[in-house]
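For reference, the structure is listed below as structure tokens.
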Amino acid sequence: MHLNLPAPIATRRTTLTFEAPMSETQDPTQPSRAAAIPPQYDFTTVEPRWVQQWQNSGLYEYDAQSEAAKAGRVYSVDTPPPYVSAAHLHVGHAMSYSQAEFVVRFKRMRGFEIFYPMGFDDNGLPTERYVEQKYKVNKGKVTRKEFIDLCLEETRQGAKVYQDLWQQLGLSVDWRMTYSTIQPRAVKHAQRSFLDLVQQGRMERRRDPILWCPTCSTALAQADVESGEEANRPMHGVRFDVAPETATANAPESGTIETTRPELVPACVALACHPEDERFKHFSGLRFRVPLTNLRFCKTEVTSEDGSIGSAGEVSETEQGRTVPLLFDAAVDPAFGTGLMMVCTFGDPEDIQKWRTHQLDTVLIIDAQGRMVTPDLPELDGKRVHVQAKGSQYSEARLAAVELLRKYGYLGDIKANVSRASVHERCSTPVEIQVAPQWFIRLLDLKEQLLERGRELRWFPEFMRERYEDWVTNLRWDWNISRQRFYGVPFPVWYCDTCSHPVYADMASLPIDPTMAPCPQEACDRCGGASFRPEPDVMDTWMTSSLTPLLNANWTEWDAAPDADAPIAAQPRKAIYPMGVRVQAFEIIRTWLFYTVAKSHLHTQSVPWRDVMISGWGLDRQGKKMSKRAGNFVDPAEVIAKYSADSLRYWAAGATLGQDLRYLEDDVKGGKRLLTKLWNSTRFAMQQLDSYVPGAVAEQPTAADLWVRSELVGVVGAATAAFEQYEYSKALRAVETFFWGTWCDNYLEIVKERFRPGSRFSAGQVAAAQRTIFEGTHALLRLFAPVLPFISEELYQLAIRPLLGADAAPSVHVAPWPENETTGKVDVFGGQRDEAAEAQGALLAQLVSAVRGCKTAQKLGGGRPLEVIYLAAPQERRADLAPLEADWLAASRAARCTFAAVVADHASGEPTYAVGTTGISVGIIAAPQEPQPA
RNA sequence: AGGCGCGUAGCUCAGCUGGUUAGAGCACCACGUUGACAUCGUGGGGGUCAGCGGUUCAAAUCCGCUCGCGCCUACCA
């Protein structure tokens with residue numbers, strides 16, 4: 001038999017050899033083909049053996065020189081580099097990685113050269129947070145080097161755990177291509193990206209208000225911030241007195257604002273109201289005194305009784321405090337609070353907006369650690385803004401501020417008010433706004449272009465595109481990539497000590513750490529200064545993660561001279577870019593996906609991939625997201641040990657793309673059942689093939705053969721179409737339904753009789769059944785292979801490959817998918833559907849089922865032979881029945897059937913069964929029970 | 001507050017470009033083991049398709065509104 005192997009695979013992979021897996025168990029006295037298949041499937045030995053053999057043989061290695069690669073038929077996969085916190089691994093992770101891999105395996109069988117690396121994200125704040133919590137350290141307690149060493153060690157351990165699990169799970173990754181986001185290659189890419197954006201004028205160092213996490217002591221990007229819990233954040237009325245020097249005859253003496261942040265009152269820089277708000281029409285031109293700013297703390301030294309010198313002091317009121325103007329701004333909502341709002345520096349993005357628009361002063365009273373800096377107000381000074389005061393749900397600073405406002409008579413009503421604060425997604429601390437020099441990538445002017453890139457991508461499922469559009473549309477901050485942390489990619493920048501002018505590293509010197517390497521310039525371009533200091537900040541972790549497609553393609557080496565000595569992972573691969581598909585879950589569309597699209601747009605004026613596949617989450621039985629913290633987490637390694645990797649993958653294949661999936665052990669058990677069924681049915685098939693020599697006997701297919709062949713052609717088409725749309729669950733369902741219902745329950749039961757000694761079937765009919773069984777099994781194993789790689793491979797090697805001869809694909813995973821990708825033609829049983837045969841088969845299945853119904857009603861076993869089947873059918877249907885008779889009688893184990901006017905008359909009152917809505921009904925008479933042998 | 005997804009048998013989910021009697025697996029009931037499979041087979045019971053209204057000869061499917069769950073975005077002075 002000649003197998004039409006796709007050319008790309010032929011060059012290298014046909015030379016792969018696998019040891020014959022079960023040869024040692026074959027009984028030489030029984031040369032039967034079926035004997036090659038042990039009675040029981042033992043996944044505990046089979047799965048690890050294939051993990052090893054696939055790995056040893058290089059089956060999944062990317063070959064840039066293959067025929068497919070040269071022809072441009074490369075399918076490359078950008079898969080999420082998980083954080084190293086391996087202890088958090090749960091079946092939800094296994095689910096999403098499996099789902100992506102189903103499609104990868106499908107594409108490989110379609111003849112594509114696959115580039116499928118794995119990455120590990122061991123860079124940046126998430127890792128730092130993990131290390132801090134695990135070792136109970138923070139960046140104040142250890143040196144930068146000690147801390148980085150801890151992070152690297154955690155990274156190594158985590159990556160090992162991940163790789164073991166992914167291999168057990170059967171992911172067909174090319175492990176030579178593994179990257180990590182802190183390795184020199186990744187650092188080089190991130191720094192190159194930085195310098196490239198500097199050259200483009202996209203990268204700016206600005207002293208701007210920025211989002212700030214007081215707990216992590218670092219700046220953040222908009223994407224790092226999420227909505228916090230709803231909570232009561234009371235609204236405090238605060239009276240602002242009109243500055244007497246601006247008072248007019250008909251103006252009021254004061255105005256009242258409402259705020260949830262009374263501690264920020266001393267940072268007030270303006271009051272604002274809507275220009276058409278009648279209530280404030282007399283306020284025009286007024287200035288207001290900011291409460292508490294008229295207080296002064298006078299410190300005096302005192303000598304206490306024991307002679308030690310301490311300090312004391314008192315607060316005194318001065319004549320006037322700071323005054324602020326009243327602004328009219330249409331952005332103020334007259335319906336909110338009193339209609340009069342306080343603008344302070346800075347409470348929220350709205351403040352920044354007004355501060356910019358009206359060029360207001362800046363009064364910063366919260367430091368980097370979230371402590372109040374208010375020297376004239378000792379009750380408030382140093383109080384922490386994000387630490388709850390003892391015995392209160394409110395912070396130290398807020399309580400102290402309220403007390404001060406009350407003491408000096410400015411405090412009005414306090415009203416309950418439910419709202420949510422913006423918090424840092426890594427630590428849930430409410431974010432503050434600080435002002436500090438930071439590096440920004442200007443993005444706000446690119447919204448339209450980035451939306452357009454989003455539209456160039458094919459999204460699966462399509463509705464996920466809206467998550468992207470929403471995010472881009474609502475973007476309000478340029479991307480701040482500076483982080484005041486230890487562990488991350490350093491900026492390749494020094495500053496002049498005299499004038500702070502930046503000096504950039506040479507491209508050729510990357511990767512570089514400016515804290516270790518000298519500044520490449522001797523004198524400052526701007527002022528001639530000769531001493532420089534390195535940039536101490538590190539880059540946002542997404543600065544690297546956003547480059548994974550470019551990192552996989554080794555963008556930094558595209559123009560470099562070829563270096564044959566470079567590790568394979570580091571060699572340039574421009575051909576895989578843009579990549580074929582990005583796979584990820586939906587919650588990081590705004591981060592990973594968005595930033596990657598932005599980077600690709602800026603660096604290559606292109607989308608980073610053609611397709612985007614978005615998966616859902618693995619949920620627990622109650623529908624809650626799995627997480628270590630929630631304690632509802634299921635360890636995938638345990639599931640694999642108990643039920644096999646194939647079974648776990650089967651569960652993962654049950655989720656509709658983009659939808660969440662609950663973890664139910666029963667569903668994994670369902671996978672285990674399928675494996676058993678597949679094993680047994682293949683064993684049965686082999687038992688019928690001992691004498692099979694393809695083409696030796698001219699086949700005479702029966703109605704059952706023609707029916708099941710046509711159905712299979714249909715299933716191949718349906719599964720292929722589904723996989724092409726990333727609908728692996730639909731594909732599996734089509735295959736499984738056919739396999740269990742049509743193939744096992746009906747077809748195999750029908751043909752069994754054909755192989756019994758002395759059956760009424762001709763040699764040609766037996767040959768037809770053998771061909772159907774063999775080619776059908778071969779097709780089924782290939783159809784199951786993407787989802788169930790282990791058992792498919794084992795059965796392919798045991799049952800199929802030996803019969804195919806020397807041309808056979810060395811692995812089911814590089815065997816040709818039963819529909820040809822280029823021609824679109826199904827390569828099974830001629831590839832044509834036969835509607836008449838399918839209609840006949842449907843009738844046959846109904847007839848078989850009706851007889852089973854009779855047997856059950858008469859409490860007869862399914863294998864009980866029948867003496868006669870009585871059949872009542874309208875005259876016009878009788879012609880349809882004749883071609884089915886042989887298969888029907890065989891499946892029913894009946895000696896003969898005979899037409900009758902009304903079945904019940906001939907069946908001794910036994911129950912009769914209607915055959916669907918065909919107008920046919922049947923009745924049976926069982927053959928006498930044969931005497932049991934003594 | 002806006003957007004997206006979901007709401008179908010006891011449970012988990014298909015179906016949702018409108019068209020016979022709404023499906024599968026699990027669970028449940030009954031029956032059945034003389035050579036693929038009891039980790040099984042056969043047969044069966046079980047659903048006002050969240051609710052209300054509309055379009056249509058015909059609605060689980062299309063439209064509108066309401067309710068519930070999840071998520072995203074915004075607001076949070």
Side-chain angles (χ1 to χ4, degrees), chain A residues 34 37 39-41 226-228 230-231 233 235 257-261 264 268 271-273 331-333 336-344 347-351 354 417-422 461 463-471 473-474 476 586-587 589-590 616-617 619 621 623-625 651 654-656 658-667 669-670 672-688 729-730 733 736-737 740-741 744-745 748-749 752 756 848-849 851-865 913 916-917 929-930 932-933:
Chain A
I37 304 181
Q40 303 265 315
Y41 176 54
E226 63 183 16
S227 280
E230 270 196 349
R233 311 177 69 228
M235 205 54 108
I257 61 104
E258 289 193 338
T259 182
T260 59
R261 303 285 312 264
L264 289 179
C268 177
L271 298 187
C273 65
V332 179
D333 177 2
F336 195 99
T338 60
L340 189 63
M341 79 175 269
M342 162 177 86
V343 180
C344 49
D348 63 26
E350 209 52 51
D351 286 337
K354 295 190 176 56
N417 168 54
V418 172
S419 72
R420 46 181 79 232
S422 293
F463 70 82
M464 288 291 182
R465 182 198 307 273
E466 293 183 41
R467 304 277 178 110
Y468 175 84
E469 301 231 339
D470 281 354
W471 178 254
T473 306
N474 289 309
R476 312 222 305 193
F586 55 82
E587 85 277 14
I589 289 176
R590 69 180 200 175
W617 278 338
L619 307 178
R621 162 174 285 282
K624 291 262 181 288
K625 190 188 178 193
W651 163 73
T656 303
Q659 301 290 343
D660 298 341
L661 180 66
R662 296 181 193 213
Y663 177 77
L664 298 173
E665 194 162 337
D666 277 346
D667 288 346
K669 286 181 186 168
K672 188 83 185 346
R673 289 175 57 245
L674 175 60
L675 300 187
T676 305
K677 192 77 176 172
L678 188 56
W679 187 262
N680 287 324
S681 65
T682 305
R683 240 178 103 235
F684 171 74
M686 287 306 106
Q687 284 169 6
Q688 320 312 327
S729 63
K730 240 183 225 174
R733 206 175 323 120
E736 192 184 2
T737 301
W740 211 294
C744 292
D745 290 348
L748 293 185
E749 290 300 327
K752 251 178 200 174
R756 287 184 199 280
V848 169
S849 179
V851 172
R852 286 172 181 158
C854 290
K855 284 186 174 177
T856 296
Q858 294 184 29
K859 300 188 195 297
L860 301 174
R864 179 71 176 272
Y913 263 76
T917 53
Q929 194 79 276
E930 287 175 28
Q932 297 293 319

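Below, read A as the first sequence line, B as the second, and so on, with proteins coming before strands; counting in each chain starts at 1.
- Annotated stems with RNA chain B as a participant read B:1-7 with B:67-73, B:10-13 with B:23-26, B:28-32 with B:40-44, B:50-54 with B:62-66, given as range with range, by first number; only runs of 3 or more Watson-Crick or G-U pairs under 3.5 Å qualify.
- The two atoms that bring A:Gly347 and A:Leu264 nearest to each other are CA-CD1, 3.7 Å, heavy atoms only.
- Applying the side-chain hydrogen bond (donor to acceptor under 3.5 Å, both in side chains) criterion to A:Lys855, with sequence neighbours excluded, gives no partner residue.
- Summarising the geometry, the separation between CG on A:Leu860 and P on B:rG32 is reported as 9 Å, rounded to the nearest angstrom.
- Of the C1' atoms belonging to B:rG10 and B:rG46, the separation is 9 Å, rounded to the nearest Å.
- Rounded to the nearest Å, the gap between the P atom of B:rU12 and that of B:rA22 is 23 Å.
- Mapped onto RNA chain B by nearest heavy atom, A:Arg733 and A:Asp333 fall at different nucleotides, with A:Arg733 at the one closer to the 5' end.
- The nearest whole Å value for the distance from the CE atom in A:Met464 to the C1' atom in B:rG3 is 13 Å.
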Write out a two-atom table: protein N or O, nucleotide N or O from nucleotides 39-44 of chain B, distance below 3.5 Å.
from, atom 1, to, atom 2, distance (Å)
B:rU39, O2, A:Thr676, OG1, 2.7
B:rU39, O4, A:Gln40, OE1, 3.0
B:rC40, OP1, A:Arg673, NE, 3.3
B:rG41, OP1, A:Lys677, NZ, 3.3
B:rG41, OP1, A:Trp740, NE1, 2.8
B:rU42, OP1, A:Asp745, OD2, 3.3
B:rU42, O2', A:Thr856, OG1, 3.0
B:rG43, OP1, A:Ser849, OG, 2.9

With B for base contact, S for sugar-phosphate-only contact and - for none (protein heavy atoms under 4.0 Å), nucleotides 70-75 of chain B reads -S-SSB
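- For the pair A:Leu748 and A:Gly861, nearest-nucleotide mapping onto RNA chain B gives the more 5' position to A:Gly861.
- Atom CZ in A:Arg683 sits roughly 6 Å away from atom P in B:rC37 (whole-Å rounding).
- The gap from the C1' atom of B:rC62 to that of B:rC75 amounts to 34 Å, rounded to the nearest Å.
- When heavy atoms are screened at a 4.0 angstrom cut-off, A:Val343 is found touching no nucleic acid atom at all.
- Remark: the separation of the P atoms in B:rU21 and B:rA60 is 11 Å, to the nearest Å.
- For B:rU42 and B:rG53, the C1' atoms lie 46 Å apart once the distance is rounded to whole Å.
- Here the C1' atom of nucleotide B:rC4 and the CD1 atom of A:Ile589 are 11 Å apart, to the nearest Å.
- Here the separation of B:rG23 from B:rC16, taken at their P atoms, is 14 Å to the nearest Å.
- Across B:rU66 and B:rC28, the matching C1' atoms stand 36 Å from one another, rounded to whole Å.
- Distance CZ (A:Arg261) to P (B:rA77): 8 Å, rounded to an integer number of Å.
- Shown here are the side-chain hydrogen bond (donor to acceptor under 3.5 Å, both in side chains) partners of A:Gln659, two or more places apart in sequence or in another chain: there are none.
- Using cut-offs of 30° and 60° on the angle between ring planes, the pair A:Phe586 and A:Trp617 is tilted.
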Pairs under 3.5 Å (N/O, protein and nucleotides 6-12 of chain B):
from, atom 1, to, atom 2, distance (Å)
B:rU12, OP1, A:Arg662, NH1, 3.0

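- For A:Arg733 and A:Glu736, the salt-bridge test fails: no basic side-chain N is under 4.0 Å from an acidic carboxylate O.
- Rounded to whole Å, the P atom of B:rG15 lies 15 Å from the corresponding atom of B:rA9.
- Listed pair A:Thr260 / B:rA77 meets the phosphate criterion, a side-chain N or O lying under 4.0 Å from OP1 or OP2.
- Between A:Lys855 and the phosphate of B:rG32, there is no side-chain N or O to OP1/OP2 separation shorter than 4.0 Å.
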